[in-house]
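What follows is one structure encoded as structure tokens, with my remarks underneath.
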There are 2 protein chains.
Amino acid sequence: MELTSTELSCGSCALSRICLPANLSARETRILAGAVERGRELQSGARLIRAGARMDALYVVRSGSAKSCGVMNDGEEYVRAFNLPGEVAGLEGFADGHHTCDLVALEPLRYCRIPLGRLERLMETLPGLRREVLRLLGQSLEEAQRMRTEVSMVDARGRLASFLVDLSRRLERRNLPPTHFRLSMSRRDIARHLGLTLETVSRSLGAFRSAGWVEVRARYIKLLQPKALAALLAH
Amino acid sequence: MELTSTELSCGSCALSRICLPANLSARETRILAGAVERGRELQSGARLIRAGARMDALYVVRSGSAKSCGVMNDGEEYVRAFNLPGEVAGLEGFADGHHTCDLVALEPLRYCRIPLGRLERLMETLPGLRREVLRLLGQSLEEAQRMRTEVSMVDARGRLASFLVDLSRRLERRNLPPTHFRLSMSRRDIARHLGLTLETVSRSLGAFRSAGWVEVRARYIKLLQPKALAALLAH
DNA sequence: CGTAAATTTGAAGTAATTCAAAATGCGTGG
DNA sequence: CCACGCATTTTGAATTACTTCAAATTTACG
């Protein structure tokens, strides 16, 4: 039906400026849209991707949020990334065709799915898509490497500040309030992401609160002085 | 001259099983080789890539070794990776067309260079090359994410053990002695790579020596009990 | 409204850092 | 070849940021 197909098309999606089609021509976007499958709504805790599974598609968060996570051999969980709407997950599967971490919904989640076979065939003919996939991979790589040096060189407060400022920026890009938001992830998830314990995350947040930089009520965060947080990053 | 062109061709390069052509057909390798430029020998300390520079090519170490590094805003150096022969550097530039870290020779270094324009044109027609570049990016991403969780979850000795075991594996793949090698990087470089201080690296190596797991004489390392080191990783 | 989960707060312990000095290795020129 | 001097590495002692363990408090949800 006309309406449904309009809803499905990337061209009319609110995320198109952020998502994979961001830098594609209208024509390329239309063709890509033909390969995109829309997933049904998943509930919090649902697993979109499982570590070890064959990589059969790219997944894009459409609404809600997710974490890319796994467990170390000692059973400890780690969190590689949090995924907001428009962000592509599962790219690490390009390494050997298998995923190495789970993708877990943090709240009710809708997503799009681009089967790998169709993506590869489209990349053959669409140079823009080719460039975009490379850009996406490069961006994820850059981000992972930046996070790596951050975890090893910056102290707990610096890392938490960086996390909050980065999240704020990403929300802003999505036209969501950048200074007044709800964390969809637990303190434990944040800690596992930043290489800290949940107690240290809580204490650092407490320090920001005491300094008057943020307002914290459970998972609701208000950034009162984002610049003070950003200043922590400059060291 | 015939000889020179033979030397230049990827097909006859000793690294072809490890390098970019690893999974390419003979035909694709031949075509790719036509786009590869051979750099002159650089001396230790020379900078192949500069952070901030426009990404104009992919660089591959042909002999010697290099580090991918940069400086934090507080002036501290960090080391994202060490690059051995056959390893491609500068992939993070795909993010926005600019490099974000330097590539510095750790010893006399020879390299190959694949201009980006030619690479992109070749990817248009060579599906194998396309897949290989994606694989390479995926692998770098996976590696960066793995390192990130390692830095945040594993203690100093575990990280150093992981570094030595990984290096050993990479040397082995290159038909170099995996248990008896010379480190081309300083303790400081290793520390900056693992998110430690050089003193901690030295002390951890000392602990391995005391345990009879390694023999250390300056930069010469002999792995006496690689399995003991590998066991540290399993936690 | 009540119970389990999540978060905060507290106190003690520890691995790694920092600062400092000694020892070793390495290249250079006598 | 050996001696010199500088850079790297090792070793030592004190400090500290973060963790760990434990308990109180708040929040979420049936």
Side-chain angles (χ1 to χ4, degrees), chain A residues 43-45 67 72 74-79 106-108 150-164 182-211 214-222 232 235, chain B residues 43-45 67 72 74-79 106-108 150-164 182-211 214-222 232 235:
Chain A
Q43 28 175 263
S44 182
K67 60 176 176 180
M72 297 280 289
D74 64 350
E76 273 302 321
E77 190 191 37
Y78 59 84
V79 177
L106 290 171
E107 51 190 326
E150 192 171 293
V151 165
S152 71
M153 323 253 309
V154 180
D155 67 10
R157 292 181 193 185
R159 277 182 255 172
L160 185 63
S162 169
F163 168 72
L164 291 173
R182 182 186 174 277
L183 297 172
S184 60
M185 66 293 287
S186 68
R187 300 284 190 272
R188 193 168 167 284
D189 287 333
I190 298 172
R192 287 314 181 223
H193 181 55
L194 300 178
L196 299 168
T197 59
L198 64 94
E199 291 96 331
T200 300
V201 168
S202 179
R203 275 185 258 264
S204 300
L205 260 183
F208 293 164
R209 195 170 34 71
S210 300
V214 301
E215 225 177 276
V216 185
R217 253 199 19 220
R219 293 196 177 182
Y220 290 90
I221 301 280
K222 204 180 285 189
L232 275 188
H235 222 257
Chain B
Q43 25 174 267
S44 182
K67 60 175 174 181
M72 297 280 289
D74 64 349
E76 274 300 321
E77 190 191 37
Y78 60 82
V79 177
L106 290 170
E107 52 191 324
E150 192 172 294
V151 164
S152 71
M153 321 252 312
V154 181
D155 67 10
R157 290 180 195 187
R159 278 183 254 173
L160 185 62
S162 169
F163 168 72
L164 291 173
R182 181 183 174 280
L183 298 171
S184 60
M185 67 294 285
S186 68
R187 299 284 191 273
R188 194 169 167 284
D189 287 333
I190 298 172
R192 287 317 181 218
H193 181 55
L194 299 178
L196 300 168
T197 59
L198 64 94
E199 292 97 329
T200 301
V201 169
S202 180
R203 274 186 258 265
S204 300
L205 259 184
F208 293 164
R209 196 170 33 72
S210 300
V214 301
E215 226 176 274
V216 185
R217 254 197 18 220
R219 293 195 177 182
Y220 290 91
I221 301 280
K222 206 181 284 189
L232 275 187
H235 220 258

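Predicted, not measured: the structure shown is a model, and the values here were computed from it.
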For A:Gly195 and A:Arg217, take the nucleotide of DNA chain D holding the closest heavy atom to each; which residue's nucleotide lies nearer the 5' end? A:Gly195
Report the distance from atom CG of A:Leu194 to atom P of D:dA17, rounded to the nearest whole Å. 18 Å
Quick check for you: among D:dT9, C:dT9, C:dT8, whose closest atom lies nearest to any side-chain atom of A:Arg203? C:dT9
Reckon B:Arg187 has a side-chain N or O less than 4.0 Å from the OP1 or OP2 of D:dT10? yes
Between B:Ser204 (side chain) and B:Thr200 (backbone), is there a donor-acceptor pair under 3.5 Å? yes
Taking the side chain of A:Arg209 as its heavy atoms from C-beta onward, which of D:dA13, D:dT20, C:dT9 lies nearest to it? C:dT9
Do the side chain of B:Ser210 and the main chain of B:Gly206 share a donor and acceptor less than 3.5 angstrom apart? yes
Figure out the CE/C1' separation between A:Met153 and C:dT17, and round it to whole Å. 14 Å
Which part of the nucleic acid does A:Ser202 contact within heavy-atom distance under 4.0 Å: base, sugar-phosphate only, or nothing? base
Can you tell me if the side-chain N/O atoms of A:Thr197 get under 4.0 Å from OP1 or OP2 in D:dT19? yes
Rounded to whole Å, please give me the gap between CZ in B:Arg188 and C1' in C:dT17. 15 Å
Rounded off to whole Å, could you give me the CG-to-P distance for the A:Leu205 and C:dA6 pair? 17 Å
Between C:dT24 atom C1' and B:Leu198 atom CG, what is the distance in whole Å? 15 Å
Whether B:Thr200 contacts C:dT17 is assessed here as follows: a side-chain N or O lying under 4.0 Å from the phosphate OP1 or OP2. Is that the case? yes
Would B:Phe208 and B:Arg157 count as a side-chain contact (heavy atoms from CB on, under 4.5 Å) if you check the C-alpha gap in whole Å, the side-chain angles of each, and the deciding distance to 0.1 Å? CA-CA 8 Å; B:Phe208 293 164; B:Arg157 290 180 195 187; 4.0 Å; yes
How many Å lie between CD on A:Glu199 and C1' on D:dT26, as a whole number? 16 Å
To the nearest Å, give me how far apart CD1 (A:Ile190) and P (C:dT7) are. 8 Å
Looking at D:dT11, C:dC26, D:dT27, which one has an atom nearest to any side-chain atom of A:Ala218? D:dT27
Side chain of A:Asp155 (C-beta onward), nearest among D:dA17, D:dT27, C:dT7: D:dA17
In whole angstroms, the gap separating P of C:dA15 from CG of B:Leu160 amounts to 17 Å
I'd like to know if the side chain of B:Ser162 and the backbone of B:Gly158 have a donor-acceptor N/O pair within less than 3.5 Å. no
Do A:Arg159 side-chain atoms and A:Leu194 backbone N/O form a donor-acceptor pair below 3.5 Å? yes
